[in-house]
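Worksheet for the structure shown next.
Everything quoted here is computed from the prediction, not taken from an experiment.
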Amino acid sequence: MRFIPHSPSDIARMLAAVGVGAVDELFRDIPAELRASGAIDLPPGLPEQAVRQRLDALAARNSGATMLSFLGAGAYPHFSPAVVDNILQRAEFYSAYTPYQPEVSQGTLQAIFEFQTLVAMLFDMDVANASMYDGASATAEAVLMALRMQSKRPRVLLARSLHPQYRETVRTYVEGAGEAELLEAPFGADGRLDLAWLSANLDARTAAVVVGYPNVFGVVEDLDAIHSIAQPGGALLVTATPEPLALALLKPPGACGAEIAVGEGQSFGVPLSYGGPGVGLFTTRSAHVRGMPGRLVGEAHDEQGRRGYVLTLATREQHIRRERATSNICTNHGLIALAATVYLALLGKQGLRQLAHVNLVRAHRAAERLTAGGRWRAAFSAPFFNEFAVRGRDAQTVLTRAQAAGVLAGVPLGQWYPELDDALLLAVTEVHDDGALARLAEVLEA
Amino acid sequence: MRFIPHSPSDIARMLAAVGVGAVDELFRDIPAELRASGAIDLPPGLPEQAVRQRLDALAARNSGATMLSFLGAGAYPHFSPAVVDNILQRAEFYSAYTPYQPEVSQGTLQAIFEFQTLVAMLFDMDVANASMYDGASATAEAVLMALRMQSKRPRVLLARSLHPQYRETVRTYVEGAGEAELLEAPFGADGRLDLAWLSANLDARTAAVVVGYPNVFGVVEDLDAIHSIAQPGGALLVTATPEPLALALLKPPGACGAEIAVGEGQSFGVPLSYGGPGVGLFTTRSAHVRGMPGRLVGEAHDEQGRRGYVLTLATREQHIRRERATSNICTNHGLIALAATVYLALLGKQGLRQLAHVNLVRAHRAAERLTAGGRWRAAFSAPFFNEFAVRGRDAQTVLTRAQAAGVLAGVPLGQWYPELDDALLLAVTEVHDDGALARLAEVLEA
Amino acid sequence: MSGLRNKQAGLLLDEPLLFEHGAPGRQGADVATEPGSPADYLPRELLREPIEGFPEVSEPEVLRHFLRLSQWNFGTATTFYPLGSCTMKYNPLTNEVVARLPGFANLHPLAPDETAQGALELCWALEAMLAEISGMDAISLQPAAGAHGELTGMKMVRAYHQDRGGARTTVLIPASAHGTNPASAALAGYKVQTVEGNQLGLVEAAAVQRAMTDQVAALMITNPNTLGLFEREIAQVAEAVHARGGLVYFDGANLNALLGVAKPGKVGADVLQFNLHKTFSTPHGGGGPGAGPIGVREHLMPYLPGPRLARHGDGLRWSAMPERSIGRVRSFHGNVGMLVRAYAYILALGGDGCTQATRMAVLAANYLRVKLAETYQLAQSAICMHEAVFTDKTLEPYGIKTLDVAKRLLDYGTYAPTIYFPLVVPGAMMIEPTESESLETLDAFIASMEAIAREARETPDLLHSAPTTTPIGRLDEARAARRPVLRWSPKPPE
Amino acid sequence: MSGLRNKQAGLLLDEPLLFEHGAPGRQGADVATEPGSPADYLPRELLREPIEGFPEVSEPEVLRHFLRLSQWNFGTATTFYPLGSCTMKYNPLTNEVVARLPGFANLHPLAPDETAQGALELCWALEAMLAEISGMDAISLQPAAGAHGELTGMKMVRAYHQDRGGARTTVLIPASAHGTNPASAALAGYKVQTVEGNQLGLVEAAAVQRAMTDQVAALMITNPNTLGLFEREIAQVAEAVHARGGLVYFDGANLNALLGVAKPGKVGADVLQFNLHKTFSTPHGGGGPGAGPIGVREHLMPYLPGPRLARHGDGLRWSAMPERSIGRVRSFHGNVGMLVRAYAYILALGGDGCTQATRMAVLAANYLRVKLAETYQLAQSAICMHEAVFTDKTLEPYGIKTLDVAKRLLDYGTYAPTIYFPLVVPGAMMIEPTESESLETLDAFIASMEAIAREARETPDLLHSAPTTTPIGRLDEARAARRPVLRWSPKPPE
Ligand SMILES: Cc1ncc(COP(=O)(O)O)c(C=O)c1O
Ligand SMILES: Cc1ncc(COP(=O)(O)O)c(C=O)c1O
């Protein structure tokens, strides 16, 4: 076996040193009746070439991966510069683990420190942590954190316009953890959280209001307005951003009064990989740092005053605090955080804005084109970034026809919002050139 | 431009320091009339994403790359373990150059030293150099070296069964370089060099006999017999090996009396890349080292006695010897030599033999199957390794039909040997499973 | 050598922060352009200014920056990394290649099932493999890591009990358990009650029996435990728990000790998590991403997170959310990119290879146990499974602590073991060699450990000041935590 | 720290030879199996035994071995690499990706033309790009490197003259020329006659005129020359050569100074080679592979190596060998893998980008020229093109030589310039920054050079013993050459 170095003579030497006659004897503490049923019934191993063939064949059966696609809804197709993956293939990065020994882990530590900085800047918040699993679990942890911060307020208002899978995840996390109660806030014809409803329902029992920014319809919520209702009511504003590229142009959550702002970092140079791994982004205000979940890297110095980086504020974490930890998270999504860091370093101050502008323009071009056709109308009136919904025809039928023509023309909103069974959600990014938009119009007009 | 860091302010600072007002002034030593015609008329540059799209589109037009193929004749399809390319993508290797500063180039130097060792072992010769361009140019350099060693003997006998492109390259190199004369030695019905002709034509003017091992027909020449004729006649035996995997099983040139043995290393983990880059392998006896072309890495020690590696015996080379150098080669194929080194390290003592056996068996299985069909007969009677020729039908017609069926069923020998216009040359390796062989039989029987 | 940059060491080059690089106007990526300005599409009050302090660096600078940073890391690929409990085995490179095949990398999670059959077949096959390996009845691939799997499992335990008259209040956890166990139990709304182990740190059925009440929802047990010992009474322990209607949560992080030897599903486990980044070699990534699938016995199947995979005719489909499911624990289907790697790994090993991996991992651990026992004190002397735990007792007379040994090991070109865990062992050094390391590497490590013990006696200061060959010395973590600097800022952080 | 391995430095780990690793029976690759033994297919007398001493190592050991070795290298990606005459510019990573696309990587060189149109179109387009950039009329992509291109060009010169009454005997080459020029001329069967340059090292038309006879086949000229100066009289020089029926071979290795500024084809060049691994950024690979296409004016076209690309209707085809062609200089079509990279690079830059590259490369070189001239003596003081040459004259009083400066630079985390070349400059330091390096990097280099000059005055021994931060010191090359050990051997080498 190419991964296992031990030759028969190596094994003999080790057995002799251990003082047993056979490897089996090392398992004698395991009751025989348990060992009796231990054997694994799987086919014999395969040479590397055969493994490659098997996986090539499976990959070839994912026709969706090569179709022209406008699917978004929390996972977005973006171009990733080649530098990103080359760095990810550096074994010094991918084969290390949580940097418990800082003297030989400065590469990982400094990169995470840079990640924390970039994410904090993007959200315009004071601090970001070293990463969470994904946007959905980050949102759930944000809700739990908000509930800890507001111990007297058990209720959390979840915008119904927040990504449904984020809401489901919040529900799973919150259920049973204390007396917390979740209430869903409706959206209006503009596709935004219903402000009237919010004013009416936000009360002294409300710990936080959670909205997507942009929300699941691609719509940009009016955070200032929401904050101006939540804040006097003593509720925290929590935002969740599934497409953080938007923040290169949009007024950031930090500037709109958010106390906790989370997101999903997959858009930053990370392949779709059928939905994972992405990376959860988690930011908050300095004042709340000690209540924050997840790892944090901080600056430190050695005896000679040389600057370095270490894991810090670990007293919040499970390996120290155990059942009183701010979260149970241990392994996070470090390597994907690294990918996002390299990506943001490359795109940079101007490039990221320019790219966001390309997304903005092309999405609006596509929307105009479709609605101009007459068979579709905009589902919502509020501003959007690179994703939008249109209504007008039975979504499933249209999609099936488009798919037959080799186009994945959008996500049917009916699966999440029964009242929107004639609505399609489309994401348009820099990977969609004019030819792609023309093809889209073609199949959707058909 | 993403590769060029200089911002306008950087440029201004540099201009000021240099003391010129504009970049143009730096070119004032170039006569204006020359500069007038200097402008390049090419389209504007493209973003990385657009470059990717362009190249993806071109790659997609190489249908031959994805067809079932039995093409060999000097370039062979083999599986390459993933470790090989990961190492090649290490920028410390690919972005370095000729290791002129050994203290910061030990990675490259030690790897080449290991390459020299592996190649020498494989050919069973005393020394190998740090690489040549390819098998053909290595053969040409071998002929020139043999002529230098045999200053009184101007004639070289080239086996006609040696790869035609190797022969053409030898011809180009030798032509005009002194009085050298090339004579082509015919092959017999067994596909081997005609020994009778050799005895008859080898004389006091003969510097060397050059044969392929295996030769272009995949046939294994009888080196001992050739040597037993050449050696008494005072001629050097020179061998050229286009498929060095064969040497894992075959009696090596060094054991057959070869004074110079060269080859092509592409089979060792290197992609076909439409024929290049591969890597030229060059070996000889210790006695001839100072007449050898190309770079050599040797062991050395520093003042503290620590072992390291350096470029050595450079007095043979162009940068020191100039017009009296043993060759003009400077940049060689170092990174491909590294690939071959990693590959051979992985396959190792047993693995390489086992792999060669798989090639041997499958090639013979294919040959039997085809000849059993009745419509094809073996073109030659001598033993072969993983490549063989069959005759019986008009090659072009058969190949065209096979190609239409999605199979590249072999190389038509008629293009090089008019008398063999009914012959196909087929290479069979570990990438060809039973399904592939069945398909081959199908299209060739059709 | 004042002229030299502070971190220059060997061929390693100092590297400032990304934000200390670059100059105004530089850009590391060329992007397509579109006419107009954002204000043509979005109301001004929704727009922001360019982000102050965001990077302005060229592509060559970015590559060089991260390349240099990478060289400041040890990884399993560069050196021995005996980090106990983390199973730092070799990460086969083919797995990196296949996970990047466009067919997987470019597949959108909401692509219609018919257009994702390759991915679905892979998940289906991986579920079957993990079920066979663990002896469990059903698998969910959704959780992103071990702790995420634990949380998922404990949520299911809660749902299970709720369907049976009440969630119950308490979860029993041995003192030697990993921190994620109590944290996950708490996150699922349970009180944690510690079960003391015997002098070997093992959980005894009697103790569990005493602790069991009908308010105990589950026992979370790690087997082999964090001392590297197999819980011999696991069957009786499970019986005791089941007898009072409780469930057994089996922390599968140490499964690398059991492949082909014993199956949790056959020893009383009701639910467990796999750490694919440990047992099944998906890269640790400097801290993830991993994957933490969970396996359950039949009675817990209805509560598995959804959607679930199901065969319909000749294809696979995602079901709707099963009615009694605890729901999702994340978006989409799991860390599929990591699942591809784990699947390729299990394919390459096969059943026999998995068993061989465990046998060699356990043999190597025992080899180290016996060899090192000559110089260091074992936490316990029994035959161990995949890892062995030592203490710094023998070095006490010289004022040398586990931390000093760990730091000195870095000078010897080895990563350090897991230290000060498990908490039940004072000055613990938890050493897990895995099956990937050659005998020469193990012997070199033993020689280093012995040399360090010698140094402890002869030149203890050398150890107190270690590491000395690393480009940076011990960092003042206390001060870093007192006045945390968690990011670079254009202006000094407030 | 006797306990430490000898090469351990910083995080760099000692690494023995591949052959000092492993153990009998280990294997780093699993291979398919076939029944029987080789003797079933081949006569015994043709077979060999297993190769004694061949590696027996596992996959993890192989990866770790080469990973560690890689870290003992400086490269342009890790540090400033001002190696003059080698144009060590940034190698864009996309080019590594596109060259690996299966459509290129898996294409067999003998695949029928219809099935290789993508590759043929790329070669066709690249030929056109290189022709436009150089002002030549036709291009051959066959040569594998610069020297290979030189040989090809000189063979064509010979063929050209042979068709006109005789090959002629002599080639004129300036003393400052790169060693490959005389070596290539000799390999083509020519006597080499040196042309002395003027005090600036420039070739003067008058001198060439004097040297020209009708036995002179060609002048090989490098422009800009190896002192980094443009040959101002190039037009008149070419005239003088042509006047006597000679040809001008233009060494294009320094083309990075001329893109969009001047075209060799317009300044009298009859034939030239491109070094794609220099001007067009294909990676240097630690010594190749590169690519050395040649360009010619119309009158040399018939002699180009064949086969040639030709358009037939809507497709491209390889022609038969043209009757007056010099023939092939290698197998197949050239280093296509490198051609793909160069094509992608030119696409990314475009015409303007190429020009900008040259302008910035020349600006950076002049910036270094002016700044360093304050501490080091310039070989000549004129404005330079892409590189500047200095001497060690100012350090002589302190007994410091160019070699000492070069070695000390390594301590400062920079690769060394090309030293002792061109031969016409005693103690030459040839510095070529290229356009890829940021101003901060250039300033850091200047600071290092100044610090070294200071050290030369104050602590010269520091320089004599440099490098000191590298894990290995200066190696005894003389002894290595006297008793060469060129390979590892199972038994001590005889
Ligand atoms: C015993 C044990 N349980 C649980 C975990 C948690 O797994 P993860 O880090 O993947 O969340 C770990 C690893 O850190 C562990 O060692
Ligand atoms: C001026 C000059 N000419 C020719 C060459 C030879 O090119 P190559 O090394 O690609 O053979 C070089 C580079 O080494 C050079 O610098």
Side-chain angles (χ1 to χ4, degrees), chain A residues 5 10 14 18 34 37-38 40 42 44-45 55 58-59 61-65 71 87 90-92 94-98 103-104 106-108 114 117 133 136 165 168 172 176 271 273-277 298-300 302 308 318-319 322-323 325 328 331 333-335 345-346 348-349 351 354 361, chain C residues 28-29 31 34 54-55 66 69-70 72-77 98 101 103 105-109 111 115 118 144-145 147 179 182-184 186 189 192 260-262 266 283-290 327-328 331-332 335-337 350-351 353 366-367 438-439 470 472-473 475 480 485 487-488:
Chain A
D10 296 335
M14 288 192 277
V18 176
L34 301 186
S37 57
I40 296 173
L42 287 177
L55 274 294
L58 283 170
R61 293 185 54 198
N62 295 326
S63 57
L71 305 179
I87 294 298
R90 302 272 310 170
E92 298 93 324
Y94 77 68
S95 79
Y97 203 16
T98 311
E103 301 87 348
V104 292
Q106 284 300 302
T108 294
E114 292 170 352
T117 303
Y133 304 134
Q165 297 193 342
E168 289 177 39
T172 308
S273 294
Y274 201 47
E299 186 181 295
D302 70 4
Q318 47 74 27
H319 61 284
R322 302 180 70 87
E323 60 267 38
N328 70 329
T331 294
H333 277 209
L335 198 69
L346 285 166
K349 190 175 186 174
Q354 195 181 335
V361 174
Chain C
V31 179
E34 288 289 354
F54 229 61
F66 290 102
L69 287 188
S70 73
W72 295 95
N73 267 10
F74 274 171
T76 55
V98 294
L101 291 170
N106 301 339
L107 185 62
H108 191 283
T115 69
S184 300
V192 171
V261 173
K266 311 281 188 192
H284 284 77
R328 354 178 110 259
S331 55
F332 307 126
N335 284 346
V336 178
N366 279 283
Y367 181 70
S438 71
L439 184 50
T470 54
I472 194 158
L475 293 157
V485 177
R487 59 174 284 188
W488 173 88

Could I get the full list of side chain to side chain donor-acceptor pair (under 3.5 Å) partners for A/N62, not counting sequence neighbours? none
Smallest heavy-atom separation, C/W488 atom then A/T117 atom, equals N-OG1, 3.0 Å
Any idea which heavy atoms bring A/E92 and C/S70 closest together, and the distance? CB-O, 3.1 Å
OH (C/Y367) and CE (A/M14) are apart, to the nearest 0.5 Å, by 8.0 Å
For the residue pair A/A91 and C/A77, what are the closest heavy atoms and their distance? CB-CB, 3.4 Å
Between chain A and each of C/G260, C/A111, C/S438, C/G327, count heavy-atom pairs under 4.5 Å; write down the option with the most. C/G260
Greatest number of non-hydrogen atom pairs under 4.5 angstrom with chain C, of A/E168, A/H319, A/Q318, falls to A/Q318
Say you draw a straight line from CZ of A/R61 to CG of C/L107; how long is it, rounded to the nearest 0.5 Å? 12.5 Å
Heavy-atom pairs under 4.5 Å with chain C, option from A/A59, A/G348, A/G298 with the top count: A/A59
Under a 4.5 Å cutoff for heavy-atom pairs, which residue among A/T331, A/L34, A/T172 has the most contacts with chain C? A/T172
So for C/L439, is it side chain, backbone, both, or neither that comes closer than 4.5 Å to the heavy atoms of chain A? both
Quick check on the interface: out of A/V104, A/L55, A/I87, who has the most heavy-atom pairs with chain C under 4.5 Å? A/V104
Among C/G103, C/G350, C/P109, C/A105, residue most engaged with chain A (heavy-atom pairs, under 4.5 Å): C/P109
Atom of C/A147, atom of A/Y133 and distance for their closest heavy-atom approach: CB-OH, 3.9 Å
Side-chain heavy-atom pair A/E114, C/L69 within 4.5 angstrom cut-off: yes
With a 4.5 Å cut-off on heavy-atom pairs, point out which of A/S95, A/P271, A/A345 contacts chain C the most. A/S95
Do you know the tightest heavy-atom contact between A/R322 and C/A183? O-CB, 3.6 Å
Chain C interface, residue from A/L42, A/N328, A/V18 that has the most non-hydrogen pairs under 4.5 Å: A/N328
Out of C/N106, C/T76, C/T115, return the one with the most heavy atom pairs under 4.5 angstrom to chain A. C/T115
Heavy atoms only, distances under 4.5 angstrom: which of C/G337, C/G290, C/G473 has the most pairs with chain A? Name it, please. C/G473
Specify which of C/P182, C/G75, C/A262 makes the most heavy-atom pairs with chain A at under 4.5 Å. C/P182
Work out which heavy atom in C/P289 is nearest to a heavy atom in A/L335; give both atom names and the distance. CD-CB, 3.8 Å
Test item: A/E323 side-chain N/O and C/V192 main-chain N/O as donor-acceptor pair under 3.5 Å: no
C/H284: partners by ring pair (Phe, Tyr, Trp, His ring centres under 6.0 Å), with sequence neighbours left out: A/Y97, C/H277
